[in-house]
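Take a look at the structure set out below.
Basis for what follows: all heavy atoms, side chains included, without hydrogens, waters or symmetry-related copies. Numbered from 1 within each chain, the chains take letters A, B, ... in sequence-line order. Small disclaimer: the values here were computed from a predicted structure and weren't measured.
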2 protein chains.
Amino acid sequence: MQIRPATDADRDAIWKIFHEIVAASDTYAFDPKMSREEALAYWFRADTRTYVAEKNGRVVGTYILKPNQLGSGSHVANAAFMVAPASERLGVGRRMAEHCLSEARRKGFRAIQFNFVVSTNTSAIHLWEQLGFKIVGTLPGAFRHPEKGYVDVYVMFRSLP
Amino acid sequence: MQIRPATDADRDAIWKIFHEIVAASDTYAFDPKMSREEALAYWFRADTRTYVAEKNGRVVGTYILKPNQLGSGSHVANAAFMVAPASERLGVGRRMAEHCLSEARRKGFRAIQFNFVVSTNTSAIHLWEQLGFKIVGTLPGAFRHPEKGYVDVYVMFRSLP
């Protein structure tokens, strides 16, 4: 598996993953009717670095890394990860997360924050905890899960010493 | 004091307040070099309701109310408040906050969340706590204060039953 900066040639593959994940509506608070154009504009914003994980020439995951706030909050990064549903449980998320920690350090960020980790997404939470993230906040009922109704959302944080 | 939806005629007054507050760099994580155009685009986004507090015909404060997340997170509102430095400690913030709670309820939001309350901004934190907000998260060193260095930031949350 190779992880590298995304190029324009990856846009179709990224949109395919994005669309599948957002349509499932069980991990991200995006508008499920978000268009291809809106999704790619968000994933390729000017302040955002976009990466893909490639395996046997196919894009199996993508992630973004950006400042979580501007100005006096820009030393804390934010990241978001998406793994193609067909490639789940193959370690793609972990590889991208490790790559992300190293990129964030390299770019001089002092910490990484996830603003919105849905509490039912236990495999992601388990991975973040293994990688040194801590739950630093709980947002009561902040996510409307398609099957479980209103569930809590975690804010997770990891310093990069 | 009257609180009402902002109009295009308020843009100059809003920019004046915004610019003063962002230049001080001690409460908000905006880029202090943010242009008038960028600031007003942010304050008047399509998904955002913008209000002003007016006293004797002068705009003395402004606030915005919007969904904090899209899709399955859009039942939680986010708000941001700015009081003209010359009108501080006159109850403008409290009046806007009460107005905001009532507007958020009226629009059907189930809760309000503040993502980034700088821990040294004790008068704001005191006001939010009086109005029923609770600190639900602490982001270690997430704000670089111009005098105090890296300080913690709170996530605050209030249900709207």
Side-chain angles (χ1 to χ4, degrees), chain A residues 21-34 38-39 42 46-47 67-78 109-118 120 134-161, chain B residues 21-34 38-39 42 46-47 67-78 109-118 120 134-161:
Chain A
I21 286 178
V22 170
S25 279
D26 58 353
T27 51
Y28 274 100
F30 287 116
D31 182 348
K33 295 188 296 284
M34 208 170 180
E38 289 167 326
Y42 175 81
D47 64 351
N68 196 42
Q69 300 283 340
L70 302 171
S72 302
S74 62
H75 55 289
V76 178
N78 173 245
F109 286 111
R110 295 171 56 100
I112 301 190
Q113 180 179 332
F114 301 142
N115 300 308
F116 206 84
V117 183
V118 177
T120 50
K134 286 197 167 55
I135 293 172
V136 295
T138 300
L139 314 171
F143 187 76
R144 195 174 53 249
H145 191 282
E147 286 114 39
K148 295 168 189 166
Y150 291 103
V151 298
D152 292 351
V153 172
Y154 299 137
V155 179
M156 300 189 76
F157 196 96
R158 184 201 199 281
S159 294
L160 296 172
Chain B
I21 286 177
V22 170
S25 280
D26 59 351
T27 51
Y28 275 100
F30 288 118
D31 182 348
K33 295 188 294 285
M34 206 170 181
E38 288 167 327
Y42 175 81
D47 64 351
N68 196 42
Q69 300 282 341
L70 302 172
S72 302
S74 63
H75 55 289
V76 178
N78 174 244
F109 286 111
R110 296 170 56 100
I112 301 191
Q113 180 179 333
F114 300 141
N115 300 309
F116 206 83
V117 183
V118 177
T120 49
K134 285 196 168 56
I135 293 172
V136 296
T138 300
L139 314 172
F143 187 76
R144 195 174 51 248
H145 191 283
E147 286 113 40
K148 295 169 189 166
Y150 292 103
V151 297
D152 292 351
V153 172
Y154 300 137
V155 179
M156 300 189 75
F157 196 95
R158 184 201 198 279
S159 294
L160 295 172

Practice item. Measure the shortest side-chain to side-chain distance between Val76(A) and Arg110(A) over non-hydrogen atoms and say whether it is less than 4.5 angstrom. Key: no

Review point. Which region of Ala111(A), side chain (C-beta onward) or backbone (N, CA, C, O), has a non-hydrogen atom less than 4.5 Å from a non-hydrogen atom of chain B, or is it both or neither?
Key: neither

Exercise for review: Please determine, by modelled atom types, if Asn68(A) and Asn115(A) share a side-chain donor-acceptor pair under 3.5 angstrom.
Suggested key: yes

**Study point:** Distance (rounded to the nearest 0.5 Å) between His145(B) NE2 and Ser25(B) OG
**Key:** 9.5 Å

Review point. Got a second to check how far Gln69(B)'s CD is from Leu139(A)'s CG, nearest 0.5 Å?
Key: 8.5 Å

Practice item. Enumerate by number any residue of residues 146-161 of chain A whose heavy atoms lie under 4.5 Å from heavy atoms of chain B; in the absence of such residues, state 'none'. Key: Tyr150(A), Val155(A), Phe157(A)

Review point. What is the distance from atom OH of Tyr42(A) to atom CG of Leu70(B), rounded to the nearest 0.5 Å?
Key: 9.0 Å

Point to revise | Residues of residues 27-34 of chain A near chain B, each having a heavy atom less than 4.5 Å away | key: Ala29(A), Phe30(A), Asp31(A), Pro32(A)

Study note, to complete from the structure: Per-residue tally against chain A (heavy atom, under 4.5 Å) across Gly141(B), Pro140(B), Ser74(B), Gly73(B) peaks at Pro140(B)

